[in-house]
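Heads up: the structure comes next, in structure tokens.
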Amino acid sequence: MSEYLSALRITEAILFAAPEPMTEAALAERIPSNVSISLVLGELSKNYADRGVNLKAVGGRWAFRTAPDLASFLEIEIKVNRKLSRAAVETLAIIGYHQPITRGEIEEIRGVSLSRGTLDLLLELEWIRPVGKRKTPGRPVTWGTSQKFLENFNLNDIKDLPGTDELKAAGLLDKRPTSSIFGEVALKIEEENTERVSDGI
Amino acid sequence: MSEYLSALRITEAILFAAPEPMTEAALAERIPSNVSISLVLGELSKNYADRGVNLKAVGGRWAFRTAPDLASFLEIEIKVNRKLSRAAVETLAIIGYHQPITRGEIEEIRGVSLSRGTLDLLLELEWIRPVGKRKTPGRPVTWGTSQKFLENFNLNDIKDLPGTDELKAAGLLDKRPTSSIFGEVALKIEEENTERVSDGI
Amino acid sequence: MNDTFDNFKMDNVEADGTTSLVVDLDGYEGPIDMLLDLARQQKVDLLNISILRLAEQYLKFIEEAHKLKLEIAADYLVMAAWLAYLKSRLLLPEEENDEELSGPQMADALAFQLRRLQAMQEAGSNIMQLPRLGKDIFSRGFPEGIKVIRTPVYELSLFELLKAYGDHHSKGTADPLEIAPTEFYSVDDALERLTPFLGKILDWSKLQTFLPDSVKNDVIYKSIVASTFAASLELAKSGQLEIRQSDTFSPIYFRSKTEGFN
């Protein structure tokens with residue numbers, strides 16, 4: 001058996017057996033060193049493109065997934081998906097498109113203070129994660145989406161979120177506070193919000 | 001898409017996603033009724049026969065399994081650094097200094113009985129070896145250190161192990177803990193001791 | 001804050017009498033969200049929205065709510081105050097003022113905020129429509145897993161080996177305890193050093209002048225200073241020395257005690 005064919009089979013087997021998506025680097029370690037893993041993954045994903053199972057890159061890692069168009073045939077059991085609140089969906093989108101972003105900035109965009117459970121819920125779903133601290137007074141935590149978020153929504157990269165380019169072109173991914181333009185009244189709103197937030201904690 | 005092709009894709013996806021092997025009957029329920037499931041399964045298993053993943057019937061139920069010849073590629077060997085137990089280190093040292101020595105004699109020196117695994121582990125590491133039998137009732141095995149022991153500790157000969165006097169000079173026969181209140185001086189003393197030990201090798 | 005408006009609906013008949021505006025506050029996510037909904041009901045592109053008209057609608061709503069003696073959350077009232085101010089700025093001729101934004105600039109800022117929030121609301125529903133893992137697409141149901149084989153590697157240095165032997169060895173034998181000589185300066189050493197000077201220190205002299213010259217390192221130096229000080233206290237107690245220090249951490253001076261000087 002040629003080394004290339006062997007690499008194809010090994011990669012296929014590993015990706016089938018692995019419980020989690022795998023990085024190219026981890027896969028490359030397991031195939032003959034003179035075979036390019038990108039070539040192998042390219043051929044495999046082409047092989048599987050029209051099948052019931054596809055080979056996909058999710059969150060920069062590779063995994064087999066059932067083809068999206070077969071969803072209706074695969075509802076083996078009815079899963080009770082907790083429906084996310086409007087606030088949670090909106091917050092998730094804001095974090096997705098504006099990350100890294102602080103709680104305060106999310107509140108700016110939504111024009112309302114975040115209720116207690118919203119970030120908690122997204123954190124519990126492991127869709128968001130703290131990614132750092134803003135170098136501003138108080139050093140607030142900044143939030144971003146997680147690997148699990150990408151895997152759950154079948155995205156390879158955060159740039160693959162629907163409409164990213166259009167939103168960017170329209171200047172809508174600007175998280176600058178509009179309140180700075182609102183003047184004193186806005187400052188008052190902000191203060192009240194801040195108080196409420198800290199009350200809530 | 002033809003119904004047959006659709007049935008192939010659905011079956012493939014179901015078998016991939018199913019948490020356990022599936023019967024033909026259960027699969028038949030999910031594909032267009034005018035397509036024969038046996039035909040579909042036959043074609044799929046032929047498709048996958050030479051691949052990294054095979055479709056197999058086990059006990060009348062169908063499942064994807066990684067190809068048996070690839071088993072070795074589905075293993076990861078991880079080297080884990082472990083610390084030897086105190087008992088093992090002490091036993092090894094006693095064998096080093098008192099060889100040839102029987103198990104009973106080791107126990108006498110240590111004042112406690114040797115637990116089951118201690119000698120086994122040292123033997124498995126190939127640091128000790130049986131060197132003969134004591135000419136006493138029961139003819140117990142005597143133990144000594146191996147070539148690998150010498151290699152591991154970078155010794156030319158077992159006689160190069162520092163003698164009791166040298167150990168004492170190096171402070172290794174002294175139970176008094178080096179007190180931290182002596183500060184830098186103590187540290188310096190300790191360093192000197194360590195140097196003296198390595199000089200002795 | 002939404003519970004304030006539970007199940008509250010009101011009809012707002014437009015000035016032209018054509019559009020019936022239904023405002024249901026139950027489920028609004030704050031005043032901007034409500035403004036956005038009012039804006040959507042204008043059925044024009046947000047880029048061309050009339051902020052003035054929007055402000056009027058919002059104010060009208062707040063007014064109606066007041067008439068019905070509804071309790072309104074502070075956020076909504078603050079927004080009303082701001083919109084009233086914006087409205088006046090938009091209607092009155094602009095004064096020259098560099099420090100403040102003009103009415104139209106303020107309106108633009110609000111329009112931007114509305115557009116941005118709307119974009120995020122749409123983005124949210126787009127995200128939720130993506131095929132989801134475990135709902136629309138599935139991973140391997142029965143992953144065989146990658147077997148991890150752990151090979152233990154034992155590392156032992158000669159030092160550890162010898163140490164173990166030494167520790168064990170000293171456990172059993174009752175060796176006499178040998179105390180290693182320390183290089184530290186004892187109080188006795190200091191007394192010995194100070195004694196020859198007694199009776200000869202006619203003027204106040206710094207403690208440091210009595211220290212031995214060849215000091216090897218800092219720790220030892222500190223021990224000498226401490227011991228010398230302790231010794232000087234001893235000598236002062238026995239009436240052979242006087243000690244002076246003018247302030248905390250300031251230099252310490254010694255002088256021989258002269259008989260009958262007091």
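The shown structure was predicted, so the numbers you read here are calculated from the model rather than taken from an experiment. Just so it is clear: chains get the letters A, B, ... in the order the sequence lines come, proteins before strands, and each one is counted from 1.
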Task: Phe112(C) and Asp174(A), any side-chain heavy atoms less than 4.5 Å apart - done: yes
Open item on the list: I'd like to check the side chain to side chain contact (heavy atoms under 4.5 Å, CB included) partners of Asp160(A); sequence neighbours left out, ordered by chain and number.
Closed with: Leu155(A), Asn156(A), Asp157(A)
Open item on the list: If the threshold is 4.0 Å, N to carboxylate O, is there a salt bridge linking Glu29(C) and Arg110(A)?
Closed with: yes
TODO: Select all residues of residues 17-54 of chain A having any heavy atom within less than 4.5 Å of some heavy atom of chain C, and report them by number, or 'none'.
DONE: Ala17(A), Ala18(A), Pro19(A)
Task: Close side-chain approach of Val89(A) and Ser125(C), heavy atoms under 4.5 Å - done: no
Task: Engaged part of Ala67(A) at the chain C interface, taking heavy atoms whose separation is under 4.5 Å - done: backbone
- [ ] Could you tell me whether the side chain of Ile109(A) reaches within less than 4.5 Å of the side chain of Gln113(C), counting heavy atoms only?
- [x] no
Open item on the list: Counting C-beta onward and ignoring hydrogens, is there a side-chain heavy-atom pair between Arg86(A) and Asp33(C) closer than 4.5 Å?
Closed with: yes
Task: Proximity of residues 94-102 of chain A to chain C, residues having a non-hydrogen atom under 4.5 angstrom - done: Ile94(A), Tyr97(A), His98(A)
Open item on the list: Quick one, Asn152(A) and Arg132(C) - any side-chain contact, counting heavy atoms below 4.5 Å?
Closed with: yes
Task: Contacts of Glu56(C) that satisfy side-chain hydrogen bond (donor to acceptor under 3.5 Å, both in side chains) - sequence neighbours left out - done: none
Task: Under 3.5 Å donor-acceptor, Thr66(A) side chain and Ile137(C) backbone - done: no
Task: Residue Leu167(A) versus chain C: region with a heavy atom under 4.5 Å - done: side chain
